[in-house]
Amino acid sequence: MPVVVERARPAMGSLFQLRLIGDDAEHLADCAETALDEIERVERLLSWRDVRSETARVNREAATRPVLVDFEFAQFLATIKGAEKATAGFFDAAVQSRRAIVGADELWEIEAEHRLVRFTRSGVRLDFGAVGKGYALDCAAAELRRFGVSQALLDAGTSSVLALGADEFGNPWPVGLRNPFTARPELRGTWPLELGQLRLGDLALSCSASHDAATSSGAESDLLDPATGRPVTQASAYAVVATNGIAAEVLSTALCAMGTVRAEAYTKEESNQLLRDVVAIVRLDAGDDASAAPCVTPLLLRRSGVLV
Amino acid sequence: MTTPPTTPAPKPTRRELLGLSTAAAGAWATFSLQSAMGADGQEPVRTAVIGTGGRGSDLIRSLTTIEGCDLVAIADNYPPHLEKAAKFAGPQAKLYSDYRRLLEEVKPAAVVVAVPLYLHYRVAGDAIAAGVDVFCEKTMCYTVDEAQKLADQVAAAKRVFQVGLQRRANPIYQQAAAMVQAGVLGQITAVKAQWHRNNNWRRPVPVAKGAADWSRLERKLNWRLYRDYSGGLMTELGSHQLDVVNWMFGDIPRKVTATGGVDYWRDGREVCDNVFCIYEYELPPLAGPRPDPNAAAASTNGTPESSLKPYTVRVTYSSLCNNAYEGAAELIMGTKGTLYLTSGKGLFYREKLADDVGWSAKKTADGGGADASVVTSGKTLKLSNSPWAHRGEPLEIDNLLGDDTRDELVSFLDHVRRGDPATICDAREGLRDTATVLTANRAIDEGTSLAVPRV
Ligand SMILES: NC(=O)c1ccc[n+]([C@@H]2O[C@H](COP(=O)([O-])OP(=O)(O)OC[C@H]3O[C@@H](n4cnc5c(N)ncnc54)[C@H](O)[C@@H]3O)[C@@H](O)[C@H]2O)c1
């Protein structure tokens with residue numbers, strides 16, 4: 001029987017939980033700690049709240065002059081810039097600044113070759129809150145692989161998951177999709193808690209909901225519309241399965257910001273670079289009244305067996 | 001590289017010392033660091049890194065963000081670490097497994113040394129001998145004797161040398177040092193510092209325990225846990241915090257009593273998993289408020305001579321690997337206030353003093369007319385049952401500048417560029433730090449109190 005080791009640590013405002021499968025408990029425990037250290041390292045790199053982070057340094061300085069960043073961060077920023085373009089700006093790392101800055105297109109630029117970041121104006125603030133967990137999961141998974149761990153589930157606190165290999169029974173990791181709208185008083189108790197199940201092996205998953213249990217009864221969404229910098233109004237939720245955490249996070253966020261009509265059209269874009277990393281996109285439907293039950297609607301499904 | 005005539009180290013400005021808590025001051029300080037480098041059209045400093053494990057990788061990343069630095073090469077004799085670090089270093093950096101070949105072939109102006117402790121002397125010494133300026137990770141050396149020789153070698157070669165004790169570049173600690181030296185805490189009478197964690201302090205080994213290579217790799221990767229390579233908790237953690245004390249007191253301790261053992265993580269490690277030390281410093285009364293010579297003559301408690309005699313300040317230090325409640329911090333205790341210091345936040349608590357009654361009614365200067373006291377019926381003071389209520393609200397000291405590791409490297413490269421040996425933590429300071437922590441290790445081994453060598 002394989003050995004299972006579990007470890008957890010708070011980071012990036014949530015609890016990261018790791019489940020590692022192998023044959024040496026001591027080794028797995030050391031690997032889990034190393035993966036958690038890596039997650040902390042990524043948090044320190046990305047968190048704008050931490051004055052020591054590269055993000056904070058860029059936010060402090062890039063309005064006055066081009067800021068030289070390290071190789072990893074430059075590559076990360078180039079990926080993010082590519083994601084902004086591939087989502088027509090619906091994923092926007094500077095979305096926090098959009099409320100005050102109206103009408104400007106590009107708020108920040110990265111010259112990847114020279115590793116220089118520049119803001120096109122003052123008042124810009126980069127915030128990688130929507131993708132940080134996905135990137136942290138990617139980096140942590142790479143650490144685990146480096147030490148020969150090939151079966152693990154990395155959970156970044158309910159919204160983002162990365163599955164390595166198979167679970168302890170040799171099957172793809174089963175991940176349940178909660179109904180994000182269950183807190184709506186009129187629906188509570190009527191519909192099932194779980195809307196579906198995903199089966200993941202060497203894949204990353206990210207879920208975004210514009211209005212979650214806490215905000216669905218009238219409160220504002222914490223997702224912002226890049227066009228206005230104001231909270232998204234249309235309620236929607238998506239689960240995106242991709243070959244890497246960043247792509248999954250970017251798309252689940254962007255789709256919520258797009259609104260349902262545009263989002264559905266977007267998932268059909270044939271030549272979209274970002275969609276190439278995607279294995280499945282699933283919309284979670286709230287089921288507005290008593291006759292339409294909440295359900296999952298697959299918008300894109302490249303691999304059978306992922307959605308059960 | 002030739003060494004220009006020595007210029008005195010730039011004193012931190014008042015704004016830096018005060019760690020001014022405004023965004024403007026933060027931006028200003030960062031800019032002044034920046035503008036000293038590169039931007040003025042001077043050649044960037046050709047820098048290499050030796051030892052590219054955990055710390056080396058962090059230092060590499062920081063170096064690649066500094067305009068005035070040209071990271072020309074990196075060396076590590078463990079291929080997986082070298083390969084991983086190569087990604088952080090970028091394609092312009094040459095890769096070496098043998099650091100001596102790096103020194104010969106690349107001839108860098110400066111090297112950053114981040115190899116395990118027992119190799120610091122050899123690698124840093126070779127670099128100095130090759131005419132290279134050195135940034136050496138803490139603790140400076142594995143023995144006091146090596147540290148002494150290295151400090152002498154650096155002085156004779158007139159090279160720029162800095163020890164990687166980054167709290168010296170941290171605005172919170174700089175402000176704390178200024179407060180201590182200005183007497184804001186009154187006379188410092190005690191310090192309590194600790195680094196408490198709850199983990200096994202191990203790195204994973206990439207081969208299974210039974211494999212032929214396991215024990216070699218275990219010692220290679222977990223060198224911290226073995227006495228041939230490491231001084232354990234005192235050199236890896238204590239060195240940072242006792243350097244803070246040495247720096248603030250401007251002296252090293254005279255004596256140390258210490259004990260420790262392997263009492264929880266009995267996994268084959270050789271270094272203690274818990275240590276407790278009491279250091280004794282002898283300070284001139286100047287570290288506290290200067291006694292007023294006129295007042296002293298009239299004073300009833302104590303003659304001028306006794307108030308000028310050095311006094312003893314005891315510093316307790318502990319480090320644990322099995323309880324994280326107290327975390328990592330230094331508590332500097334003075335007659336007028338207490339500083340609680342961590343890398344990310346400082347807190348200053350005023351002492352409640354006997355004559356600090358806080359009259360609610362204001363007396364006028366001439367004493368006429370105003371009430372001596374004012375009473376309001378029915379109002380009583382709300383008393384808290386919090387065990388910490390007596391501390392009152394602290395004054396918070398924030399770091400608004402950035403990352404102290406990057407800042408210590410900016411400062412080092414700036415000194416290299418100017419040929420200025422007066423770095424923020426030079427080889428002498430590194431030697432004093434080494435003597436401070438290694439004497440505690442000896443005291444643990446010998447089960448006795450020991451005098452700290454006057455280095
Ligand atoms: N200032 C700090 O906050 C801080 C933090 C961590 C570590 N450190 C210090 O940095 C140093 C390194 O620690 P670490 O945690 O990075 O350890 P590590 O084991 O991760 O890295 C040390 C590296 O040195 C390499 N090495 C060993 N012998 C070598 C040789 N002869 N030539 C070239 N490379 C060689 C090893 O292969 C390894 O990659 C230690 O002195 C440690 O105390 C400082």
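Letters go in sequence order (proteins before strands), and every chain restarts at 1. Keep in mind it's a predicted model, so treat the numbers as computed, not measured.
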Legend entry - Under 4.5 Å from a heavy atom of chain B, the part of A/L45 involved: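 Contact with chain B: side chain only.
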
Legend entry - Proximity breakdown for A/E26 and chain B, heavy-atom pairs closer than 4.5 Å: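 For A/E26, the contact with chain B is made by the side chain alone.
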
Legend entry - Top of A/A74, A/C31, A/G148 for chain B proximity - count of heavy-atom pairs under 4.5 angstrom: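 Option with the top pair count is A/C31.
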
Inset, instruction - Among the options A/D50, A/D23, A/T34, A/V51, pick out the one with the most heavy-atom pairs lying under 4.5 Å from chain B. - result: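 Between A/D50, A/D23, A/T34, A/V51, the count favours A/V51.
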
Legend entry - Residues from residues 78-88 of chain B approaching chain A under 4.5 Å (heavy atoms):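 From residues 78-88 of chain B, the residues near chain A are B/P80, B/K84, B/K87, B/F88.
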
Inset, instruction - Flag the pair A/F128 / A/F76 as yes when their ring centroid distance falls below 6.0 Å, and as no otherwise. - result: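 Yes, the ring of A/F128 comes within the 6.0 Å limit of the ring of A/F76, centre to centre.
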
Under a 4.0 Å threshold between the charged nitrogen and the carboxylate oxygen, would [Y] count as salt-bridged to [X]?
{"X": "B/R168", "Y": "B/E408", "value": "no"}
{"X": "B/K209", "Y": "A/D24", "value": "no"}
{"X": "B/E67", "Y": "A/R65", "value": "yes"}
{"X": "B/E236", "Y": "B/K138", "value": "yes"}
{"X": "A/R44", "Y": "A/E40", "value": "no"}
{"X": "A/R9", "Y": "A/E33", "value": "yes"}
{"X": "B/D404", "Y": "A/R52", "value": "no"}

Legend entry - Selection from B/G344, B/G90, B/G54, B/S343 maximising heavy-atom pairs under 4.5 Å formed with chain A: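 Among B/G344, B/G90, B/G54, B/S343, the one with the most close pairs to chain A is B/G90.
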
Taking side chain as everything from C-beta outward and backbone as N, CA, C, O, which of these in [X] sits under 4.5 Å from a heavy atom of chain A? Side chain, backbone, both or neither.
{"X": "B/A89", "value": "backbone"}
{"X": "B/D267", "value": "neither"}
{"X": "B/V205", "value": "backbone"}

Inset, instruction - Please check if the side chain of B/D273 supplies one atom and the backbone of B/W265 the other of a donor-acceptor pair under 3.5 Å. - result: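 Confirmed, B/D273 side chain pairs with B/W265 backbone.
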
Legend entry - More than 12 heavy atoms of other groups within 6.0 Å of B/K220 NZ: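 Check passes, neighbour count above 12.
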
